[in-house]
Amino acid sequence: MSDIKVQLPDGMAVHFPAGVTVRDVIAAWDKSKLKSSVAAQVDGRLVDLSYIVDSDTSIMPISLRSKEGLGILRHSISHVMAQAVQDLFDNVKVTIGPSIEDGFYYDFEYQNTFTPDDLEKIESRMREIIAADHSFSRSSVSREEAVSLFEKKGESYKVELIRDLPEDVEEVTLYSQGGFVDLCRGPHIPSTGMIKAFKLLNVAGAYWRGDEKNAMLQRIYGTGFASEKELKEHMALIEEAKKRDHRRLGKELDLFQINDEAGPGLIIFHPRGALLRTIIEDWEKKEHLKRGYGIVMGPQILKGDLWKKSGHFDQYRENMYYTEVDDQTYGIKPMNCLSHMLIYKSRIRSYRDLPVRYFELGTVHRHEKTGVLHGLLRARQFTQDDAHILCTPDQLNDEISGIIHFINDAMNVFGFTYEVELSTRPAKSIGSDEDWNLATSALQKVLAENQMQYEVNEGDGAFYGPKIDFKLKDALGRKWQCATIQCDFTLPERFDLSYIGPDGEKHRPVMLHRVILGAIERFMGVLIEHYAGAFPLWLSPLQAVVLTVTEKHIPYGQKVLNDLISAEVRAEGDFRNEKLGYKIREGQLQKVPFMLIIGDREVESETVSIRQRNGKKIDSLQVKDFAALVLQMCERHE
RNA sequence: GCCGAUGUAGCUCAGCUGGUAGAGCAACUGAUUCGUAAUCAGUAGGUCCGCGGUUCGAAUCCGCGCAUCGGCUCCA
C-alpha cells in the first residue's frame, strides 16, 4: 500500500498508509485532541472523523468548542431529536434541521401540535438515544436510491429536496444513527454519546422552505453545548435578556405604554420616555447641523398622485394608510422622501449647490402585519432620523464615506459596536440594471476604501436601490438593524430632478437615503435593553433624585431640588414619609444615576450627600458643584 | 397575514374535574421621624379581554372577535 503525506496544523507533515481515517491521523498526532474533536477539515472541507484519506492532504481537527464544532454538535443533536420525535409520534414527517446561531431546530409536519409536555417526553427519549451511544454513519447512494428510500418511508419532503437538487448531482449522502436515516450533507459527531448538554426550548410555526405560500410546519427549537456548565450559562443569558426586555423595563421605568384602546403598534410616551426621546433628538439635530445638513419638515399626508409618481403606490401600497380629504385620496407617509424631492425641485440647482443634505426627524406610518408588532422595535408609527442627500455622481463616494463616519461616531457616543451588510437587488424592484450595478459598485467601493468588513445579502435591497445596513450589537451580543444607507437612482428620475453642470447643461443628481439611528423608537428599545434601563447620565431622563431623611428636611430638600432644576439637572424629589432605605431601594430600582441624601448634616453644611447608582459613594458637594459635575459629564456623553 | 400559547386587582401571579374570586407588591388612611436596597397597622380596589352559546348555574366548557407572547414571512 502506498504512503501519503498529511500536513498537520502544527506544520508537521507525517506519512500514513493510504486509506487511513482522519480519526487515526489525529490520534497519532495528538491523542488528547481526538477526545475534543467532532470532525475535521480536510483540504478546507469539513468531514467526519471516519473520513478515509487516500492521497496527500492537510488535516485540521475541529474542536467541539470551536464555532464550527458547536454547529456540528447542534446539527447532530437535531438529528437525535428528529429520531426521538419519530419514535414517539405517528404520522410525523421530517423536513430539515440545521444548526443556527444559538442552537438548532428541526421542522416537522405533524397533524397535532407539540405541547410543552411533549417536549419533555422528546427530551427523555433523546437521553435514551444518547445513552445508547449510537454512532453516526455516513453512506453515499444514488439519487434514485435515495428517492425510493424516502418514498418508502413516506418522507415526501425529503423526496422533494432530493428532486430539487441540481441535475449534475448524482449521489447524495445519508446519515443514520440507531436506525434513523436522514438526508444530510454532514459532517456529524462520531456518536450520540458525545452529546453532553442540550435542551429543547420551544415550539413555533414555520413555513416549508420559508415561503408563506407553503405549508406551515412545526418547528422545535433547542440548543446544545459542550458541557452542562455552558448550557447553564446560556440559559442564564436568556433569563437576563428577559429581565432587560424593553417592554418590561418600559413599564417599570414608566417610559411608555402601548394601549389596546389606542391601537396596536402605537406608542404612547410618558414624561420620562418622551424626555429620553427628546434628549436623543436634540443630540441628532445638533450633530446634523454640524455636518452640513439642513433640517426640513414635511407634511404627514400627501396626495395620492404624488405616491404614484414616486412608485410607492405600486411597490408599497399594502403597507400604506390612506385618507380622504375633499374627495381626494391622500397617502399617509410611510417614508419621508417626497417632501424632500419637492424641496429640491423648488428652484433651479447648480452643481455649485451640491451636495444638498435634507434632514428630517420624520414620523411615518406603516401598516405592519399584526404578527410582527413588537414593542418599540416594531411599531406602526415611528420617527426616523431620515436624510436625503442629492449630489453629483462625482460626489457620491465622499457622501457615502461621510455617512459611514457619522454612523461610526454615533455608535461610539451611544456605546455600541456594529457589523456591516451590503444588500443587493431584490426581485420586486424598479430601475434599470445599469443603475443598479452602478449604485451597488459605488457602495462596495466606499466600503473597501474605508476598509470595512462586510457581508453581502443577495436580493435584500430596497425596491429602489441597494443598501448598506449597519447591525449594531448590544451588551448581550444581540444584533439590531438600525442605520442604513441606500442608493437611489430612481426617484431623481421620477421627479425629474436636475442641476446645471459646469457645461451649462442639465444633469441628473444621484440620491442617497440614509438613517443613522434608524427609527428613534426602535433605537430607544435597543438602548433600553443594552443598558438594562440604567442609562448613562447624559441620556438618563432622571439624573438625580433628592431624598430626605425625615420630614424636617423637606424645606432644604425642596430648595436643593429647585436649584438643580434651574441648573438644568433632570431631578425629582422623594419627600415621602418613608425610611431612607426604602427610598434608596426605589431609586435604585428606578436606576437613577445619583441619589442626593438630605439629613441634618447636609442642612447644616449646605451640601448634598451623594450616592451613585453603582453603590460607590463620592464626597458630599455643594449643590452648584454637583450640578456642574453633572453638566460636565453630560458634555462628555458619560 | 400564518402556526402555537396566553389574557384574573395598577404590577406579578394562584384559583383541581362548572357552584358565583384570592395572595404578595403597589395605592390610600393612620401611627412612626427614621442616615445609604423594603417600619407597622388598617382600608379600598375586579364588566375574571370582548361578544355570543351550552347549562339551574360559566373565570372555568364551546364558537367568534380583539390583544399580547414565542416563532415564520415581512421590516426601521
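The model shown is predicted, which means the values in this text are computed figures rather than measured ones. Every chain is numbered from 1 and lettered A, B, ... according to where its sequence line falls, protein lines coming before strand lines.
- Using the Watson-Crick or G-U wobble rule with both distances under 3.5 Å, B:A9 pairs with nothing in any strand shown.
- Within the structure, the salt bridge (charged side-chain N to carboxylate O under 4.0 Å, His left out) test picks out the following pairs touching residues 581-598 of chain A (sequence neighbours left out): A:R576-A:E586.
- Between A:D117 atom CG and B:G4 atom P there is a gap of 18 Å when expressed in whole angstrom units.
- Listed by first and then second residue, the salt bridge (charged side-chain N to carboxylate O under 4.0 Å, His left out) pairs involving residues 359-387 of chain A are A:E212-A:K369, A:K333-A:E360, A:E368-A:R378 (not counting sequence neighbours).
- In terms of modelled atom types and a separation under 3.5 Å, the side chain of A:R74 and the main chain of A:E101 share a donor-acceptor contact.
- Identified under the salt bridge (charged side-chain N to carboxylate O under 4.0 Å, His left out) test for residues 257-274 of chain A, with sequence neighbours left out: A:R272-A:E572.
- Across the protein-nucleic acid pair, A:N259 atom CG and B:G50 atom P stand 15 Å apart, rounded to whole Å.
- The gap from the P atom of B:U43 to that of B:G24 amounts to 13 Å, rounded to the nearest Å.
- Look at CD on A:E252: it is 12 Å from C1' on B:C25, rounded to the nearest Å.
- Residues A:H270 and A:Q257 bring a donor and an acceptor atom of their side chains to less than 3.5 Å of each other.
- Per the geometry, CH2 belonging to A:W208 stands 17 Å off C1' belonging to B:C3, to the nearest Å.
- In this entry B:U39 has B:A31 as its Watson-Crick or G-U wobble partner, both defining distances falling under 3.5 Å.
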Exercise. Can you give one letter per nucleotide of nucleotides 36-42 of chain B, going 5' to 3': B for a protein heavy atom under 4.0 Å from the base, S for sugar-phosphate only, - for none?
Worked result: BBBB---
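- For A:E455, the CD atom counts as loosely surrounded, since its 6.0 Å shell holds 12 or fewer non-hydrogen atoms of other residues, nucleotides or ligands.
- Searching all strands for a Watson-Crick or G-U wobble partner of B:C51 with both distances below 3.5 Å returns B:G63.
- Side chain of A:N457 to main chain of A:D460: no donor-acceptor pair is present (N/O by atom type, distance under 3.5 Å, no hydrogens or angles).
- Residue-environment remark: CG (A:N91) stays at or below the threshold of 12 foreign heavy atoms within 6.0 Å.
- Nucleotide B:G18 has no partner under the Watson-Crick or G-U criteria, as no pair reaches both atom distances under 3.5 Å.
- Taking atom P in both B:C3 and B:G65, one finds a spacing of 11 Å when rounded to whole Å.
- Protein atom NZ of A:K552 is 10 Å distant from nucleotide atom P of B:G35, rounded to whole Å.
- Heavy-atom distances under 4.0 Å link RNA chain B to A:T113 of residues 100-114 of chain A, given in residue order.
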Exercise. What does nucleotides 61-76 of chain B look like as a protein-contact string, B for base, S for sugar-phosphate only, - for none, at under 4.0 angstrom between heavy atoms?
Worked result: ------SSSBBBBBBB
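- Judged purely by atom type and a 3.5 angstrom limit, A:W307 uses its side chain to pair as donor or acceptor with the backbone of A:L302.
- A donor-acceptor pair is defined here as one N or O able to donate and one able to accept, closer than 3.5 Å; such a pair exists between the side chain of A:E155 and the backbone of A:V94.
- Straight-line distance between the P atoms of B:C72 and B:C56: roughly 48 Å, to the nearest whole Å.
- Paired with A:F523 under the rule ring pair (Phe, Tyr, Trp, His ring centres under 6.0 Å), one option of A:F382, A:F414, A:W283 passes, and it is A:F414.
- When the shell of 6.0 Å around CE of A:M297 is examined, it contains 12 or fewer heavy atoms from other residues, nucleotides or ligands.
- For A:Q300, the CD atom is densely surrounded, since the number of other residues' heavy atoms within 6.0 Å is greater than 12.
- Between B:G42 and B:C49, the distance separating the two C1' atoms is 33 Å to the nearest Å.
- Across all strands shown, the partner of B:G4 is B:C69, judged by Watson-Crick or G-U wobble contacts whose two distances both fall under 3.5 Å.
- Comparing the C1' positions of B:C2 and B:G45 gives a spacing of 40 Å, expressed to the nearest Å.
- Residue A:Q218 contributes atom CD, which lies 12 Å from atom C1' of B:A5 at whole-angstrom precision.
- Rounded to the nearest Å, the gap between the C1' atom of B:U55 and that of B:U20 is 14 Å.
- For the P atom pair drawn from B:C16 and B:U60, the interatomic distance equals 12 Å after rounding to whole Å.
- Comparing the C1' positions of B:C75 and B:G15 gives an interatomic distance of 41 Å, to the nearest angstrom.
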